[in-house]
There are 2 protein chains.
Amino acid sequence: MRADAQRNAEKLRAAAAELFRERGLHVPLKEIARRAGVSHGTLYNLFGTREALIDEVVTDLAAERLEEIAEGALACEDAWEGFAYYIEQLCRMQATDPAVADVVGGRYPGAERLMAVCGRTLDAAKRIVERAQDAGALRPDFTTEDLVFVLGSNSVLARATPRTAPDAWRRNIAFLLDGLRTEAAHRPLPVGPLTPDQVYEVMGNLTGER
Amino acid sequence: MRADAQRNAEKLRAAAAELFRERGLHVPLKEIARRAGVSHGTLYNLFGTREALIDEVVTDLAAERLEEIAEGALACEDAWEGFAYYIEQLCRMQATDPAVADVVGGRYPGAERLMAVCGRTLDAAKRIVERAQDAGALRPDFTTEDLVFVLGSNSVLARATPRTAPDAWRRNIAFLLDGLRTEAAHRPLPVGPLTPDQVYEVMGNLTGER
DNA sequence: ATGAAACTTGACCGCAGGGTCAAGTTAGTT
DNA sequence: AACTAACTTGACCCTGCGGTCAAGTTTCAT
């Protein structure tokens, strides 16, 4: 790779990182190129697809954030507190960091490293859920697949709540968490959990679009 | 108004009603014109704006559905059952009827009659919420404004769940409802309720778009 | 310092959506 | 039947997105 191309790639990565974090992973590629001070043709030359760019620019950030949260959750003495912490922090991130929010609420099959991070995150989530259930705190009919519901509903609220009420999502999550305690479970759930395949499908449709 | 214009307006109303119910209130106006077998210019002549068309075509339908649900809820002996019925039916509609779903999850300030229906619906909701709280069943820190959370989160799940899992939203609502019972309330909610103005604002941003 | 390979550029294409308007057509009044 | 006001039409404009490529420029090995 020639030195000038290297420099441009770097400028593009920087611009992409900025814009992804400001506005999410859907920002127009041409805008990224504009901010990098480079033609959009160059962006296509150097990265080819949006997902390739995402994979290079967002993966490490997402991994760091997600692992941090999972560790924090597992570090809680109390299993329920750990679970609640995990949910709350994930949701806080959705409200706070558009880039990672899109990672959590989307599908990027082309971004291999990112997909690996998602896999590891899912494992961590499983452990946190199971620990809370083993402690008898989290209702046993909850499954890891139900996390899409939590994150899906939070994502729309976090996005809809502008500067006016940036904490509104916390109220919703508080209601939901109260419904997830073992004692809160009233009658059997009306339908069974999603299959992992269904979760994957749902995640593809979460981010609006219509 | 000339007879042919009258006929065209009727064809457009019919096509709009169909498409709105099939795909929601965002269908391209040109597509409505196409289905009506009429030029899109004519649509703009006769209705001017999308909201005017919505107001003529969707209002009565929405009013009927929403009033029916509210009546059903108030007809329940048990106040909690009434509240739960109300939530469930609203959510079922969001999953089932894209047109009314968009009414419930959107803002159409230009559609006067429709706005009136929304006002009446809100009144009914207030009554249902208060009745359940007076009976001691619904947690007292819940407010009518919190309904946006319920409907907002449900809308995204209902939309994301294709034919594959058309009932998935029920699971989420079941968790949430369990969290709304008085006994489920654990600690005080982390933040206060939205103001009505904030609710109005949030509703404007609910329907994806980005 | 020169030539070939690497790279950049921006005009261009396609698509989809909203919206306008001059020209042509039709209804219905006289 | 003739005439005018009402109405319809579709070509046209705009915006914004993704994406491509011939022509021009720059790097770097020789």
Side-chain angles (χ1 to χ4, degrees), chain A residues 1-16 19-20 22-58 98-99 102 106-111 204-205 207-210, chain B residues 1-16 18-20 22-58 98-99 102 106-111 204 207-210:
Chain A
M1 194 176 203
R2 239 166 61 178
D4 54 344
Q6 200 76 56
R7 273 194 308 273
N8 284 336
E10 209 34 69
K11 280 192 266 180
L12 283 166
R13 270 187 278 265
L19 280 167
F20 284 156
E22 281 170 32
R23 317 228 312 260
L25 304 183
H26 284 61
V27 273
L29 292 184
K30 286 184 182 174
E31 207 167 324
I32 293 177
R34 207 179 311 137
R35 183 168 303 189
V38 140
S39 156
H40 65 272
T42 298
L43 191 159
Y44 285 103
N45 283 343
L46 296 179
F47 296 95
T49 69
R50 159 178 254 109
E51 290 191 346
L53 187 54
I54 289 177
D55 208 18
E56 289 201 24
V57 153
V58 171
D102 280 348
R107 261 186 335 191
Y108 304 88
N205 302 36
T207 6
E209 315 286 282
R210 302 203 141 256
Chain B
M1 194 178 202
R2 239 166 62 176
D4 55 344
Q6 200 76 54
R7 272 194 309 273
N8 283 336
E10 210 33 69
K11 279 193 268 180
L12 283 165
R13 268 187 280 263
E18 269 181 44
L19 280 167
F20 284 156
E22 281 170 34
R23 317 227 313 259
L25 303 183
H26 285 61
V27 271
L29 292 184
K30 286 183 182 173
E31 207 167 324
I32 294 177
R34 206 179 311 138
R35 183 169 303 191
V38 140
S39 156
H40 65 272
T42 300
L43 190 159
Y44 284 102
N45 283 340
L46 296 178
F47 296 93
T49 69
R50 159 178 255 108
E51 290 192 346
L53 186 54
I54 290 177
D55 209 18
E56 289 200 26
V57 153
V58 171
D102 281 348
R107 260 186 336 190
Y108 304 88
T207 6
E209 316 286 282
R210 303 211 140 246

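The chains referred to below are lettered A, B, ... by the order of the sequence lines, with proteins before strands, and numbering in each begins at 1.
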Practice problem: Determine which pairs satisfy salt bridge (Lys or Arg N to Asp or Glu O under 4.0 Å) with at least one residue from residues 32-47 of chain B, sequence neighbours left out, and list them in order. | Solution: E18(B)-R35(B), E22(B)-R35(B)
From [atom1] of [X] over to [atom2] of [N], roughly how many Å is that when rounded to an integer?
| X | N | atom1 | atom2 | value |
| --- | --- | --- | --- | --- |
| L43(A) | dC7(C) | CG | P | 15 Å |
| K30(B) | dG17(C) | NZ | P | 9 Å |
| E51(B) | dG19(C) | CD | C1' | 16 Å |
| E31(B) | dC15(C) | CD | P | 16 Å |

Any [X] side-chain heavy atom under 4.5 Å of [Y] side chain:
| X | Y | result |
| --- | --- | --- |
| F20(A) | I54(A) | yes |
| H26(A) | P98(A) | no |
| Y44(B) | L29(B) | yes |

Nearest-0.5 Å distance, [atom1] of residue [X] to [atom2] of residue [Y]:
| X | Y | atom1 | atom2 | value |
| --- | --- | --- | --- | --- |
| I32(B) | L19(B) | CD1 | CG | 6.0 Å |
| R2(A) | R7(A) | CZ | CZ | 9.5 Å |
| N8(A) | T42(A) | CG | OG1 | 6.0 Å |

Quiz item: salt bridge (charged side-chain N to carboxylate O under 4.0 Å, His left out) between E10(B) and R13(B): does it pass, once the steps are laid out?
Solution: CA-CA 5 Å; E10(B) 210 33 69; R13(B) 268 187 280 263; 3.2 Å; yes
Between the protein and nucleotides 28-30 of chain C, which nitrogen or oxygen pairs are less than 3.5 angstrom apart?
| from | atom 1 | to | atom 2 | distance (Å) |
| --- | --- | --- | --- | --- |
| dG28(C) | OP1 | A3(B) | N | 3.0 |

Quiz item: DNA chain C: R7(B) or N45(B), which has the more 5' nearest nucleotide?
Solution: N45(B)
Exercise. Could you please name the option among dA11(C), dG18(C), dT20(C) that lies closest to any side-chain atom of H40(B)?
Key: dT20(C)
Self-check item: Bounds of contact between DNA chain D and chain A, in 5' to 3' order, using a heavy-atom cut-off under 4.0 Å
Solution: dC17(D) to dC28(D)
